Amino acid sequence: MSDLLTPGNQLTEEAGEEQRPARGGLARYLASKLAGALTSLLLVVLLGFFLFRMLPGDPVQTMTAGREVTAEQIAELRERLGLSDPLWRQFLDYLGGLLQGDFGDSFRYGRPVGDIILERLGPTILLAGTATVLAILLGLWLGVRSAWRHGSRFDRTATGVALTLWSVPTFWLGLIVLMVFAVGVGPLPGLFPTGGIRSIDPPPGLLPQVLDVAHHLVLPCLTMVAVIFAQYQMVMRSSLLEEMGSDYLTTARAKGLREDLVRRRHAVPNALLPSVTLIFLHLGLVVSGAIMVETVFSWPGLGYLMVNALEYPDLPLMQGTFIVLAGTVIVMNVLADVVYRFLDPRVRAA
Amino acid sequence: MTTPTSTRALTWQRRARALRTGWRSFRAQRGAVAGLAVLLTIVALAVLAPVLTDESQLGIINTMSNPALAPPSGEFWLGTDENGRSVLLLTWWGARVSLLVGLAATLLSVFIGTFVGIVSAHFGGWLSAVLLRFTDFFLVLPSLVLAIALSTVLSRGVGTIVLAIGLTAWPTTARLVRAQTLTVQARPYIERSTALGAGHGHLIAKHILPGVLPLVFANTTLAVASAVIAESTLSFLGLGDPTQISWGSMLKFAMDSGAVTNGAWWYLLPPGLGIVCVVLSFTLCGRGLETVLNPRLRGR
């Protein structure tokens, strides 16, 4: 799909290019990666700060719209929000706050942005995490099967379905799923709730509550899986295809190994590396990929929070979500680099 | 006899021959040809929309008397929207904005990407380091988040969406072009050309660009696909121009007017299927082109 939204073609080059072996040891490698990540984080903060300062319209006017306010009240509000200071001063204050984990106060909720984000983090991780695990399992299984029977009807069908689902905008798929399974079409009654994470009056007891959340999770999770499994499938398929002609597979067969042992013990482990790297690279993106699913199903996560903040417009909240979403990706990327180095003996030895 | 004209003629002959070979191997791929056919049909329909349809029926004032949110009937093949407008007509006209924005955004991003890629590969030194760092930074940023942020900051409209997509989608192209430029530059004819006194401008225009462009072209085709999805996503979030009909804004209106809860499938399906058709066709064409240009991919 559609993570703008399609990072599809970047996978192909990612693996090959610029994987220079580090000259020093592991410490040096980690240090250079960390330094890069820190620069990126700083850039994100800079971008987040100055980008949202260019917003058209005055936040104070939005906040006081439709109410009787005196000029003094407006001035006081500006002072309290720190909007009357010079820009560089505002930035330094902001940076200082960030270092202490303070993202400022939301215009809309009047509460610290950090607290609001923390509240919303749980639902996002629940949704994105479940969807990622399911998508990885489904994608890898399909990828292995279609590569092993390369050219078969199964392969063609699976690849066609994956390509089609990849072309579907997430939010549209969500709307269709919503209409069919939550509202109901024709004789089909609505089977699942239309949105939110729990019922308005949740049932008593822990187990019923867990089931209630799970019931709400089904549709958004299904939508997300449908959209993201294709990339794992395609990468697994092509990396296994690369291994198919290898000599060691002939050796394994010559030893008399059964076909599925050849696949499970020899081919798949070797072909798994690009997929694992991809999985880690995408862990960060998944969180922002959840934005559209959360919006359609009003799932109270980070993405929905950002879209809501956008409509208000709630400047500190947008800044906060932007920095957190972008920061996640950067941190995950460093992890991906480290994992890659540990998994691939060729890179480790270099 | 090698007068300048005959050299040029030879070059053109060679290019024509390469083009014919390329077309033949493109035509051998059924998926790519199907994609191209669907694309050409949709583009032709979109271009001819003002000739073949009645634009006045897009105005809400002229459709007041029609039934609202009516299911498909003899008069309205795909039903009507909440204002009594024909969904078929809206989808037809929506194709224009969606395609235009997708193409324009892609052109912008491919232009930036090619420029950054070539400059960072050709000049080297600190400029290259800074550009590479910059590219990696933008490559990592979640582009939907950045595009949302950008389109909030700029005034709402079609141009903003083009800019938001263009400014967020370029890093993949830049990486691709950089890698290809490095490969091209390692070839002996570049060294020969430098030895003969060629400057940077000549090298880039005459030797590097022609070597890089085919790949850029294949990449562009794939990039349009994601730009069309991006356009619909941003319009769906209400960041586009509400007076312009595009597939994304249609879906937004469908959601806002309760088409989902009313089970108005005729309002939801057409714009979405339009997006899927266009994106799938562009992807198929792009993969076909890649296969033509990269023989290693053949038989996959």
Side-chain angles (χ1 to χ4, degrees), chain A residues 1-10 13-14 16-18 36 39-40 43-44 47-48 51-52 54-56 163-164 166-173 175-176 178-179 183-186 194 238 241 284-285 287-289 291-292 295-296 306-307 310-311 313 318 321-322 325-326 329-330 333, chain B residues 132-133 136-137 139-150 152-155 165 168-169 171-172 175-176 178-179 219 222-223 225-227 229-230 232-233 236-239 248 251 254-255 259-265 268-269 271-272 275-280 282-284 286-287 300:
Chain A
M1 152 328 268
S2 61
D3 327 323
L4 210 352
L5 308 202
T6 317
N9 30 5
Q10 87 198 38
E13 1 137 23
E14 203 75 53
E17 206 215 345
E18 308 281 330
T39 324
S40 296
L43 278 175
V44 164
L47 194 67
L51 197 63
F52 292 111
M54 300 194 302
L55 267 179
L163 266 183
T164 311
W166 182 260
S167 313
V168 172
T170 319
F171 68 91
W172 182 67
L173 190 66
L175 289 178
I176 299 291
L178 194 67
M179 190 170 73
V183 179
V185 168
T194 50
S238 67
L241 274 181
L285 281 176
V287 176
S288 25
I291 292 179
M292 295 317 289
T295 308
V296 170
M306 185 179 193
V307 172
L310 190 153
E311 282 157 6
M318 283 182 73
T321 43
F322 176 77
L325 287 176
V329 184
I330 293 172
N333 263 26
Chain B
L132 199 62
R133 181 79 239 140
D136 280 351
F137 171 68
L139 192 65
V140 161
L141 273 191
S143 31
L144 176 59
V145 177
L146 189 60
I148 289 178
L150 269 177
T152 341
V153 170
L154 308 164
S155 59
I165 302 173
T168 50
T172 37
R175 286 291 287 261
L176 197 70
R178 187 184 134 84
N219 176 253
L222 288 173
S226 38
I229 289 191
S232 66
T233 307
F236 178 72
L237 287 174
L239 296 168
L251 287 168
M255 172 114 164
V260 182
T261 37
N262 289 324
W265 52 269
L268 277 182
L269 284 182
I275 298 171
V276 174
C277 270
V278 166
V279 171
L280 195 59
F282 269 114
T283 312
L284 287 173
R287 281 167 61 106
R300 286 283 163 89

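Predicted, not measured: the structure shown is a model, and the values here were computed from it. All chains are named by letter (A, B, ...) in the order of the sequence lines, taking the proteins before the strands, and each is independently numbered beginning at 1.
Atom CG in B/Leu268 sits 9.0 Å away from atom CG in A/Leu178 (nearest 0.5 Å). For the atom pair OG1 of B/Thr283 and CH2 of A/Trp166, the computed distance is 9.5 Å after rounding to the nearest 0.5 Å. A distance of 7.0 Å separates CG of B/Leu144 from CE of A/Met292, quoted to the nearest 0.5 Å. Atom CD1 of A/Ile330 and atom CZ of B/Phe137 lie 6.0 Å apart (nearest 0.5 Å). Remark: A/Ser167 OG to B/Ile275 CD1 distance equals 11.0 Å, nearest 0.5 Å.
Taking all atoms of both residues into account, the shortest heavy-atom contact from B/Arg133 to A/Ser40 is NH2-OG, 2.8 Å. Between A/Leu175 and B/Met255, the shortest heavy-atom contact is CD2-SD, 3.3 Å.
Contact of B/Ser232 with chain A is made through backbone and side chain together, with heavy-atom distances under 4.5 Å. For a residue to count as touching a neighbouring chain, one of its non-hydrogen atoms must lie under 4.5 Å from one of that chain's; by this rule A/Leu47 touches chain B with the side chain only. The contact between A/Ile291 and chain B is made entirely by side chain atoms (from C-beta outward), counting heavy-atom distances below 4.5 Å. Both the backbone and the side chain of B/Leu269 come within less than 4.5 Å of a heavy atom of chain A.
In terms of modelled atom types and a separation under 3.5 Å, the side chain of B/Trp265 and the main chain of A/Ile176 share no donor-acceptor contact.
In this view, B/Leu284 and A/Leu163, B/Leu280 satisfy the side chain to side chain contact (heavy atoms under 4.5 Å, CB included) rule, not counting sequence neighbours. A/Asn333 meets the side-chain hydrogen bond (donor to acceptor under 3.5 Å, both in side chains) test with no other residue; sequence neighbours excluded.
By the 4.5 Å heavy-atom criterion applied to side chains, B/Leu237 and A/Leu310 are not counted as neighbours. Residues B/Val276 and A/Pro169 have side chains in contact (heavy-atom distance under 4.5 Å, counting atoms from C-beta outward). Two residues are said to be in side-chain contact when any heavy atoms from C-beta on lie closer than 4.5 Å; A/Phe322 and B/Leu146 meet this criterion. Between A/Val296 and B/Phe236, some side-chain heavy-atom pair lies under the 4.5 Å cut-off.
Contact count against chain B (heavy-atom pairs under 4.5 Å) is highest for A/Leu43 among A/Leu43, A/Leu325, A/Val183.
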